[in-house]
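Treat the numbers as computed from the prediction; the structure is a model and nothing was measured.
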Amino acid sequence: GRITAVLFDKTGTLTKGQAAVAAALELTKPKGLALDFSQLASCLARPSLHPLSQAVARAAETGPAYATADWQERRGAGVEAKLTFRGALVHDALFRLGSLNWLKESGVDLRSAASFTAEWTARGASVLGLAADTRLLGVFALRDEIKSGAVELIRQLENRRLPAFLITGDNSLTAAAIAEAVGIDPARVFAEVRPEAKARLVEQLPRQGHRSAFVGDGINDGPALEQADLGIAVSRASDVAREAADIILLNSDIQAIPEALGLAQATLRTIKQNLFWAFFYNALGVP
């Protein structure tokens with residue numbers, strides 16, 4: 001009932017979490033592999049439960065039975081592995097599929113995909129890159145639909161004087177496009193935020209005079225849900241997010257958020273009114 005700001009993750013919260021590959025750009029082929037560009041990315045993405053990884057895995061046709069070795073998921077960044085065929089290593093390169101920031105930090109030159117990235121991020125798409133060691137093989141643009149009630153939700157929160165914030169690991173252009181679509185003030189958008197940094201942002205809000213509610217659904221949102229004064233998870237959230245949250249929206253209807261906060265505020269008002277009249281009555285009645 002004392003919440004003064006509501007923070008949202010993007011994927012699966014304000015959006016449906018059902019991303020699909022809208023476009024792909026193949027830049028170069030790795031030598032010695034019978035996989036095409038999409039099949040290679042799918043092979044890396046298949047073990048991951050992240051919505052963007054699942055979208056990449058669904059986009060490829062079935063290819064040769066390659067498998068992965070030393071597969072790892074880098075939280076908030078992407079996946080990496082080496083490729084094997086029938087148990088034998090088939091390529092020396094370490095393949096990475098993930099955010100362009102992560103690939104850049106890993107030494108990958110992204111200049112060849114600059115125009116593709118600029119075009120699709122301006123449309124609100126998330127762009128993932130596929131690299132072999134430090135060589136960029138290509139990029140994918142993935143789009144996720146905004147939930148039908150997201151615009152009305154933000155409007156209701158603003159009417160209740162509860163500012164909405166967007167915190168996402170996506171790049172700033174994609175985040176700005178989504179924020180504009182749902183009506184979040186650009187000054188309240190935090191992009192390219194790693195999972196551990198989400199919790200730090202939530203921790204800083206009390207210093208600005210806010211009591212915060214954080215709305216999320218993924219494993220990566222667990223620390224922020226735990227750190228917030230109120231954690232809210234949607235029904236399809238990961239087990240980690242559900243465990244960390246204080247409220248779970250059973251039908252994934254984010255429209256229930258202002259209703260829940262309004263109910264809490266009304267309850268507090270009733271408690272205060274009851275206390276006032278109880279003390280007032282006793283103050284008169286006892287003498």
Side-chain angles (χ1 to χ4, degrees), residues 9-11 14-15 19-31 33 35-45 48 50-60 72-81 83 91-146 166-182 184 186-195 197-198 220:
D9 174 50
K10 179 180 75 68
T11 304
L14 290 177
T15 65
V21 175
L25 173 65
E26 183 176 5
L27 298 169
T28 184
K29 289 180 178 292
K31 295 178 180 179
L33 291 179
L35 290 169
D36 67 23
F37 170 62
S38 295
Q39 289 168 342
L40 174 56
S42 176
C43 187
L44 290 172
S48 172
H50 193 281
L52 296 183
S53 294
Q54 292 178 347
V56 172
R58 288 194 301 268
Q72 292 188 58
E73 187 159 19
R74 303 294 184 182
R75 190 173 63 173
V79 297
E80 63 182 22
L83 285 184
H91 206 287
D92 293 334
L94 178 64
F95 293 95
R96 293 185 178 92
L97 173 70
S99 73
L100 298 186
N101 281 339
W102 176 53
L103 295 182
K104 186 177 181 180
E105 292 171 3
S106 303
V108 179
D109 186 352
L110 304 175
R111 287 176 294 182
S112 56
S115 59
F116 178 93
T117 302
E119 176 188 352
W120 282 98
T121 51
R123 299 188 194 182
S126 301
V127 178
L128 300 183
L130 175 64
D133 289 330
T134 58
R135 184 160 50 101
L136 187 64
L137 303 180
V139 284
F140 295 89
L142 298 100
R143 299 190 71 171
D144 192 359
E145 291 184 39
I146 294 172
L166 176 63
I167 303 179
T168 176
D170 264 325
N171 66 62
S172 55
L173 288 174
T174 301
I178 296 296
E180 182 181 3
V182 299
I184 294 178
R188 302 195 202 114
V189 177
F190 298 91
E192 302 175 13
V193 179
R194 291 287 181 86
K198 287 184 181 180
N220 295 341

Can you give me the closest heavy-atom contact between [X] and [Y], atom names plus distance?
| X | Y | result |
| --- | --- | --- |
| A19 | L52 | CB-CD2, 3.7 Å |
| L103 | G98 | CD1-O, 4.1 Å |
| I146 | A181 | CD1-CB, 3.3 Å |
| A59 | V21 | CB-CG2, 3.7 Å |
| A175 | T168 | CB-CG2, 3.6 Å |
| A132 | F95 | CB-CE2, 3.6 Å |

Margin query: Tell me whether the count of non-hydrogen atoms from other residues, nucleotides or ligands lying under 6.0 Å of CD in E180 goes above 12.
Written below: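 Result for CD/E180: open.
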
Nearest 0.5 Å please: distance from the [atom1] atom of [X] over to the [atom2] atom of [Y].
| X | Y | atom1 | atom2 | result |
| --- | --- | --- | --- | --- |
| I184 | I178 | CD1 | CD1 | 9.5 Å |
| K104 | L110 | NZ | CG | 7.0 Å |
| W120 | L25 | CH2 | CG | 11.5 Å |
| W102 | L97 | CH2 | CG | 8.0 Å |
| L40 | S42 | CG | OG | 9.5 Å |
| N101 | S106 | CG | OG | 10.5 Å |

State, yes or no, whether a side-chain contact exists between [X] and [Y] at a heavy-atom distance under 4.5 Å.
| X | Y | answer |
| --- | --- | --- |
| V79 | H50 | no |
| D109 | L136 | no |
| L44 | L130 | yes |
| E192 | S172 | yes |

Notebook entry, point to check: Less than 4.0 Å between a side-chain N and a carboxylate O, is that true for E105 and R194?
Noted result: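 Yes, charged N to carboxylate O under 4.0 Å.
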
Note to self: Would the distance check show the side chain of T121 and the main-chain N or O of T117 forming a donor-acceptor pair, the cut-off being under 3.5 Å?
What the structure shows: yes

Next item on the list: Give every residue pair that meets the side-chain hydrogen bond (donor to acceptor under 3.5 Å, both in side chains) criterion with at least one member in residues 124-139, sequence neighbours excluded.
Entry: S126-D170

Next item on the list: With sequence neighbours left out, write down each residue that passes side-chain hydrogen bond (donor to acceptor under 3.5 Å, both in side chains) with D36, or none if nothing qualifies.
Entry: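 Partners of D36 by the side-chain hydrogen bond (donor to acceptor under 3.5 Å, both in side chains) criterion come out as none, since no residue qualifies.
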
For residues 137-145, which side-chain N or O atoms pair as donor and acceptor with protein atoms under 3.5 Å away, sequence neighbours left out?
{"residue": "R143", "atom": "NH2", "partner": "R123", "partner atom": "O", "Å": "3.1"}
{"residue": "D144", "atom": "OD1", "partner": "G17", "partner atom": "N", "Å": "3.3"}
{"residue": "D144", "atom": "OD1", "partner": "Q18", "partner atom": "N", "Å": "3.3"}
{"residue": "D144", "atom": "OD2", "partner": "T15", "partner atom": "OG1", "Å": "2.7"}
{"residue": "D144", "atom": "OD2", "partner": "G17", "partner atom": "N", "Å": "2.9"}
{"residue": "E145", "atom": "OE1", "partner": "K16", "partner atom": "NZ", "Å": "3.2"}

